[in-house]
**Q** 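Take a look at the following structure, please.
On a predicted model such as this, the values are computed, not experimentally measured, just so you know. Numbers restart at 1 for each chain; the letters A, B, ... are given by sequence-line order, proteins then strands.
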Amino acid sequence: MRWLFFRRLPGGNMNVVIKSQPFDPYAALGRYQSSLRAGSYGAMVSFVGVMRDFNEDESVSAMTLEHYPGMTEKEIERVCQEALNRYQIDDFLVVHRVGDITPNEPIVLVAVWSAHRRAAFDGCREIINELKQRAPFWKREQCERGLCWVSDNTQDPILKKV
Amino acid sequence: MQISVKYFASMREHMGCAEQKIEVSESLLTVEGLWHGYLSEGALPANTLVAVNMEYCDLSAVIKSGDEVAFFPPVTGG
């Protein structure tokens, strides 16, 4: 167990959502934020990952995202719980696509609410970085050579310096 | 005891199936023992990740009856 204290989120909102159809991250963000108590947070930081039409100098026309149902949600919840215990985060939302995706479609939304910007920035960065390293998703791209499994995720440039 | 085994992404293609139910006789069996004794004659592909009951673990983890063991390549979400 990597965390010592378990802090429950208020409200019982659905914080981790896996979507098999395209979604609008900004509408999801607005809907979720409207469920939070007005005045209870002073900062919101969000990250939206979008599908590119290239990867390592090769053009990519489509992608399929596979996942491990059940473990994916559990692992993202573990990642978010660790961030909650490390930073002064009040609430979070993670939405992640699976299935067939085309360029320019959103893949992932991570949003973090906090009283102050530092915790919101730090929490959001940690959640997306840990999600990319741990959540069981696999990308398979339709590229010029045919169908290719993506073998590795890029690392956060800040983490590379450490 | 019966173990449920799942494979994802390139591991599924490597093994030729997505899921297997394995009947094992040992009472103290590790993930590594499951792989070599019941699943494959070859080595586990490099960088393969393992989860037991949807939690990451290493090859020395002991499995028990009814467990779900999953093998998959490095993850690439986000």
Side-chain angles (χ1 to χ4, degrees), chain A residues 1-2 16 18-19 47-52 55-56 63-79 94-99 101 106-110 124-141 147-156, chain B residues 1-22 24 29-35 38-40 42-78:
Chain A
M1 197 72 76
R2 287 174 60 185
V16 175
I18 307 298
K19 302 276 285 183
F47 171 85
V48 176
V50 177
M51 188 189 159
R52 296 183 301 247
N55 192 8
E56 294 178 355
M63 177 172 81
T64 302
L65 247 171
E66 179 178 333
H67 77 306
Y68 181 175
M71 180 170 171
T72 307
E73 293 87 338
K74 285 183 180 182
E75 196 60 28
I76 296 174
E77 283 162 8
R78 284 191 276 262
V79 162
V94 177
V95 183
H96 204 297
R97 268 298 306 278
V98 292
I101 303 174
I107 299 172
V108 61
L109 162 70
V110 175
C124 187
R125 177 184 287 275
E126 173 154 315
I127 290 173
I128 186 60
N129 283 342
E130 289 293 309
L131 180 154
K132 287 177 80 80
Q133 299 300 314
R134 291 163 50 183
F137 293 100
W138 302 275
K139 289 174 180 152
R140 188 181 220 184
E141 295 175 337
L147 285 171
C148 315
W149 291 106
V150 175
S151 60
D152 215 350
N153 255 342
T154 53
Q155 270 217 341
D156 186 328
Chain B
M1 60 180 183
Q2 194 176 63
I3 307 294
S4 171
V5 183
K6 291 187 172 183
Y7 308 104
F8 291 94
S10 55
M11 266 305 282
R12 183 183 58 248
E13 294 172 349
H14 179 80
M15 297 302 287
C17 66
E19 192 167 358
Q20 287 178 287
K21 301 281 186 201
I22 303 289
V24 303
L29 184 68
T30 62
V31 172
E32 191 167 23
L34 174 72
W35 176 265
Y38 296 89
L39 303 179
S40 174
L44 194 63
N47 302 322
T48 298
L49 300 174
V50 180
V52 174
N53 298 329
M54 302 187 180
E55 280 201 46
Y56 284 107
C57 65
D58 58 37
L59 293 175
S60 64
V62 174
I63 47 184
K64 57 186 187 308
S65 184
D67 278 353
E68 178 174 294
V69 183
F71 296 88
F72 47 82
V75 301
T76 53

**Q** Does CD in B/Q2 sit with more than 12 non-hydrogen atoms of other residues, nucleotides or ligands closer than 6.0 Å?
**A** yes
**Q** Contact between B/F72 and A/E66 at the side-chain level, heavy atoms closer than 4.5 Å - yes or no?
**A** no
**Q** Is there a side-chain contact (heavy atoms from CB on, under 4.5 Å) between B/T76 and A/W138 once you walk through the steps?
**A** CA-CA 5 Å; B/T76 53; A/W138 302 275; 4.2 Å; yes
**Q** Using heavy-atom distances under 4.5 Å, tell me whether A/R140 contacts chain B through its side chain, its backbone, both, or neither.
**A** side chain
**Q** Between B/E55 and A/K74 (salt bridge meaning N to carboxylate O under 4.0 Å), is one present in this structure?
**A** no
**Q** Report the residues that fulfil ring pair (Phe, Tyr, Trp, His ring centres under 6.0 Å) with A/F47, sequence neighbours left out, ordered by chain and then residue number.
**A** none
**Q** Nearest heavy-atom pair of A/F137 and B/G77: which atoms, and what distance?
**A** CB-CA, 3.5 Å
**Q** Rounded to the nearest 0.5 Å, how far does CH2 of A/W149 lie from CD of B/E13?
**A** 5.5 Å
**Q** Just give me the residue among A/K132, A/H96, A/K139 that pairs up with chain B most often, heavy atom to heavy atom, under 4.5 Å.
**A** A/K139
**Q** For the residue pair B/A51 and A/M71, what are the closest heavy atoms and their distance?
**A** CB-SD, 3.6 Å
**Q** Please report the C-alpha distance between B/F8 and A/H67 in whole Å, then the side-chain angles of each, then the deciding distance to 0.1 Å, and finally whether the side-chain contact (heavy atoms from CB on, under 4.5 Å) criterion is met.
**A** CA-CA 8 Å; B/F8 291 94; A/H67 77 306; over 6 Å; no
**Q** State, to 0.1 Å, how close B/P74 and A/S151 come at their nearest heavy-atom pair, and which atoms those are.
**A** CB-O, 4.0 Å
**Q** Using non-hydrogen atoms and a 4.5 Å limit, figure out which bit of A/T72 sits close to chain B: side chain, backbone, both or neither.
**A** neither
**Q** Is there side-chain contact between A/E75 and B/Y56, with heavy atoms separated by less than 4.5 Å?
**A** yes
